[in-house]
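Okay, so here's the structure we're looking at.
The analysis underlying the following values was restricted to heavy atoms, covering all of them including side chains, and did not include hydrogens, waters or symmetry mates. For clarity, every value in this text was computed on a predicted model and none was experimentally measured.
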Amino acid sequence: MSTIEAPPADRYPVQTFVLEHNQGILDDAIRREVQRGGQVYYLHNRVETIDQCASAMKRRMPELSIAVAHGKMGEEALGDVMQSMADGEIQVLVCTTIIETGLDIPNANTLIIEHADRLGLSQLHQLRGRVGRGQYQSTCILISDAQNEEAIRRLKVMCRTNDGFQIADEDLK
């Protein structure tokens, strides 16, 4: 067995934060990323309301190119959106966990995950791996309005380490 204990030499560890939902802070984070030429994944993991989430974002930030991606889309439509994201035509991709594996978009530097407390730590770690693939500092913002101390404690593990083994161990607990 081999272990990877450090990111490649040209990459920074992803800065991870746990925040309560605050639309102003989130919109500011999105705008800052786009202003520096990067792209954003905004994970809204409910297909039933994902279009409403994207529409609200478009109303607040009409200057941005925003698209939606989820697993119930047709293969061609999903492929077109992913290609547009890879080509840099989309600045913000409102998506489900469909982005969890297989995407390598070095310009995507910010990941915002709504209701992060509803996902396992290992899954959050896998999702966080979608950013930080380029030469710029990347950010992962875990949004949780949970009042449960245990849920917040678990999420804060993601802020302390990028070590998948430590995260998986904490997930097992």
Less than 4.5 Å apart, any side-chain heavy atom of [X] and any of [Y]?
X: Val81; Y: Val68; result: no
X: Leu142; Y: Leu155; result: yes
X: Met82; Y: Ile99; result: yes
X: Cys159; Y: Gln15; result: no
X: Leu111; Y: Thr139; result: no
X: Met158; Y: Val18; result: no
X: Ile90; Y: Val92; result: no
X: Tyr41; Y: Ile112; result: no

At their closest point, which heavy atom of [X] faces which heavy atom of [Y], and how far apart are they?
X: Ile167; Y: Asn162; value: CD1-C, 4.4 Å
X: Ala69; Y: Leu78; value: CB-CD1, 3.8 Å
X: Arg154; Y: Gly120; value: NH2-CA, 4.4 Å
X: Ala146; Y: Ala151; value: CB-CB, 4.1 Å

Establish whether [X] and [Y] are linked, either directly or via other cluster members, by ILVMFWY side-chain heavy-atom contacts under 4.5 Å.
X: Ile30; Y: Ile66; result: yes
X: Ile152; Y: Val157; result: no
X: Leu93; Y: Tyr136; result: no

Looking at [atom1] of [X] and [atom2] of [Y], how far apart are the two atoms once the value is rounded to the nearest 0.5 Å?
X: Ile50; Y: Thr96; atom1: CD1; atom2: OG1; result: 5.5 Å
X: Ile113; Y: Tyr42; atom1: CD1; atom2: OH; result: 11.0 Å
X: Lys156; Y: Leu121; atom1: NZ; atom2: CG; result: 14.0 Å
X: Met57; Y: Asp27; atom1: CE; atom2: CG; result: 7.0 Å
X: Ile143; Y: Leu43; atom1: CD1; atom2: CG; result: 11.5 Å
X: Ser144; Y: His115; atom1: OG; atom2: NE2; result: 9.0 Å

Any donor-acceptor pair under 3.5 Å linking the side chain of [X] with the backbone of [Y]?
X: Gln91; Y: Ser65; answer: yes
X: Asp163; Y: Thr161; answer: no
X: Arg128; Y: Val14; answer: no
X: Arg36; Y: Arg32; answer: no
X: Asp87; Y: Glu89; answer: no
X: Ser138; Y: Gly132; answer: yes
X: Asn45; Y: Thr97; answer: yes
X: Gln166; Y: Gly164; answer: no
X: Asn107; Y: Gly37; answer: yes

Can you confirm whether the side chains of [X] and [Y] place a donor and an acceptor under 3.5 Å from each other?
X: Gln23; Y: His21; value: yes
X: Gln39; Y: Glu33; value: no
X: Thr49; Y: His44; value: yes

**Derivation and outcome, side chain to side chain contact (heavy atoms under 4.5 Å, CB included), residues Leu26 and Ile141** = CA-CA 9 Å; Leu26 298 177; Ile141 301 172; 4.2 Å; yes
**Request:** Evaluate the side chain to side chain contact (heavy atoms under 4.5 Å, CB included) criterion for residues Leu64 and Lys58: first the C-alpha distance (whole Å), next the side-chain angles of each, then the deciding distance (0.1 Å), finally the verdict.
**Result:** CA-CA 7 Å; Leu64 301 183; Lys58 287 177 186 179; over 6 Å; no
**Asked** Is Glu48 atom CD crowded by more than 12 heavy atoms from other residues, nucleotides or ligands, each under 6.0 Å away?
**Response**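 Buried by this count: over 12 neighbours within 6.0 Å.
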**Message:** For Glu149, is the CD atom crowded, meaning more than 12 foreign heavy atoms sit under 6.0 Å from it?
**Reply:**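 12 or below, so no.
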**Prompt:** Ion pair present between Glu63 and Arg31, side-chain N to carboxylate O less than 4.0 angstrom?
**Reply:**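 Between Arg31 and Glu63 there is a salt bridge, with a charged N closer than 4.0 Å to a carboxylate O.
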**Prompt:** Do the charged groups of Arg153 and Glu170 touch, with an N to O distance under 4.0 Å?
**Reply:**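 Salt bridge present between Arg153 and Glu170.
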**Request:** With side chain to side chain contact (heavy atoms under 4.5 Å, CB included) as the test, would you mind laying out the steps for Ser55 and Arg59 before giving the verdict?
**Result:** CA-CA 6 Å; Ser55 292; Arg59 282 191 302 275; 3.8 Å; yes
